[in-house]
Amino acid sequence: MSFSNLGLSPKVLSAVEAAGFETPTPIQDRAVPVVVAGRDVLGIAQTGTGKTASFVLPMLTRLERGRARARMPRSLILEPTRELAAQVAEHFEILGKNHKLTVALLIGGVSYEDQDRKLDRGADVVIATPGRLLDHFVRGKLLLNGIEILVVDEADRMLDMGFIPDVERICKLLPFTRQTLFFSATMPAEIQRLADKFLHSPERIEVAPQATAAATIVQRLKKAPDDPAGKREALRALMREVDVKNAIIFCNRKKDVGILYRSLQRHGFNVGALHGDLDQHQRTATLDAFRSGQIAFLAASDVAARGLDIPEVSHIFNYDVPIHPEDYIHRIGRTGRAGREGFAAMLVSRRDFKALKAIEKLLRHEIPWIDGAPSEEEQRDAAETRPDGNGRHRRGNRSRRDKRPSGSGPHTGHPAKNHAPKARASAPPNVHHGKERDHRHSDRPKHEHTGERKPAHGHAAPPNQPNKPQAAPQPSRSRQQGMGDHVPAFMMRPVRVT
Ligand code: AMP
């Protein structure tokens with residue numbers, strides 16, 4: 001297998017070589033010749049498979065002929081989130097370095113002015129989130145009848161985020177004779193319907209079939225108490241125990257991302273926060289700082305679970321057991337990429353046993369416990385006893401629990417124990433590397449809104465300060481947590497991370 005046999009132009013091949021891509025990935029091998037030939041593609045592939053280059057490379061080749069006209073872009077790539085759109089733009093920058101193509105990135109959260117200017121100059125490629133694209137269209141800044149190539153990327157995620165009506169509307173504004181490339185990790189019925197409607201005799205290319213082994217990810221579980229303060233302490237212990245280069249820490253709720261972020265900062269961790277309610281500049285700055293290693297830990301909601309290409313994440317910590325089992329697959333998929341070894345550990349408290357079982361059912365294997373599995377009796381108790389004393393789990397009532405001062409938890413009051421994380425400490429003694437199986441998910445919930453439309457009830461976490469090794473603690477107005485507003489000086493020392 002070689003890139004030179006795929007029909008790519010010499011300019012593209014030279015950029016591929018400069019990018020250090022030696023052999024095409026399976027999706028590239030199969031999709032590139034089809035796209036170069038001008039045919040439609042239905043690609044069933046996840047991020048991490050090289051699918052972005054599988055459409056960027058042949059698009060570059062095809063766009064070498066012809067020129068863009070003012071406000072009439074020649075190709076359009078739709079992405080569900082701003083981050084993904086920005087990543088695709090980066091691919092165009094790297095792989096299109098021998099081309100003089102104009103790429104316009106139309107995403108929400110940033111001003112219209114620059115985007116208008118790019119469109120006025122004539123864009124060969126528009127990379128957009130659906131909402132912002134339609135905004136430009138409605139404002140009369142953009143004509144869509146010059147589009148020769150349409151890419152709908154991460155279609156199933158568009159579905160999760162409620163963008164399908166916008167996508168359909170956009171498709172109807174495009175010329176009928178265009179080439180359409182449609183990518184989705186899964187094919188729920190609604191996505192299949194859309195593909196049937198907008199693709200013409202597509203070549204169906206499926207890579208990484210269900211139950212693909214993510215053999216390089218070591219997965220482990222760790223018991224954690226139910227109370228938030230104790231759970232945070234368990235997380236810190238886990239983070240210090242293992243050999244962490246950089247890690248994403250996933251929470252189920254945006255609010256908890258903010259709480260955890262502030263708590264980890266107070267405890268000397270070099271951490272940033274990422275969730276869908278942060279404004280675009282904060283999100284971009286945080287991601288850049290994480291990519292460059294300025295911050296080593298990222299507390300994140302599921303906004304970071306899919307699609308973000310953050311190379312070499314050594315660890316994933318699931319602070320919360322995801323409610324939907326397929327989110328687990330996406331979260332841990334951020335580590336162990338491109339054949340590298342990855343490690344994913346999850347805190348599990350009594351109330352999480354049921355959600356854990358669902359994950360293990362999806363994986364079709366059990367995940368080993370770092371410190372011994374809970375006994376059957378414990379598991380039975382957890383199923384039967386009610387944490388509120390009434391015999392009922394209060395799953396939907398986390399916020400009320402969280403509002404308790406965390407000083408009431410059993411693990412607070414030991415600040416001296418809370419040192420900054422070891423940089424590259426040794427792996428936990430009873431953690432063994434093993435082969436694990438990974439499965440693609442079937443569908444996803446609508447529980448995280450990450451595009452340009454913010455939920456009305458959204459809450460904004462405090463801004464990150466990625467350029468500072470450690471920001472000052474941010475006192476919580478509504479409640480006292482951990483040690484309260486006072487932080488001893490030794491905890492304010494910068495943390496060095498190799
Ligand atoms: P994607 O699935 O498009 O998100 O790509 C995942 C990562 O793989 C990105 O960092 C790409 O730059 C990289 N990549 C894509 N194709 C290749 C290739 N043929 N060889 C090496 N790396 C690649």
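Keep in mind that what you see is a predicted model, and the values were worked out from it rather than measured. Counting starts at 1 for both ligands and their atoms, following the listed order.
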- Query: Applying a strict 4.0 Å limit to heavy atoms, is Ile94 in contact with ligand 1?
  - Reply: no

- Please state whether Gln87 comes within less than 4.0 angstrom of ligand 1, counting heavy atoms only.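 Gln87: no contact with ligand 1 (<4.0 Å).
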
Distance filter under 4.0 Å to [X] heavy atoms, resulting ligand 1 atoms:
{"X": "Thr52", "value": "1 (P), 3 (O), 4 (O)"}
{"X": "His91", "value": "11 (C), 12 (O)"}
{"X": "Thr23", "value": "18 (C), 19 (N), 20 (N)"}

Salt bridge present between [X] and [Y] (N-O < 4.0 angstrom):
{"X": "Glu203", "Y": "Arg30", "answer": "no"}
{"X": "Arg291", "Y": "Asp288", "answer": "yes"}
{"X": "Arg62", "Y": "Glu64", "answer": "no"}

- Do the numbers put Arg236 on top of the ring of Phe269, so that NZ or CZ is under 6.0 Å from the six-membered ring centre and no more than 45° off the axis? no

- From the candidates Phe55, Phe21, Phe3, the one that places a heavy atom nearest atom 17 (C) of ligand 1: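 Going through Phe55, Phe21, Phe3 one by one, Phe21 has the nearest heavy atom to atom 17 (C) of ligand 1.
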
- Query: Is it the case that Asn252 and Tyr319 place a side-chain donor and acceptor less than 3.5 Å from each other?
  - Reply: no

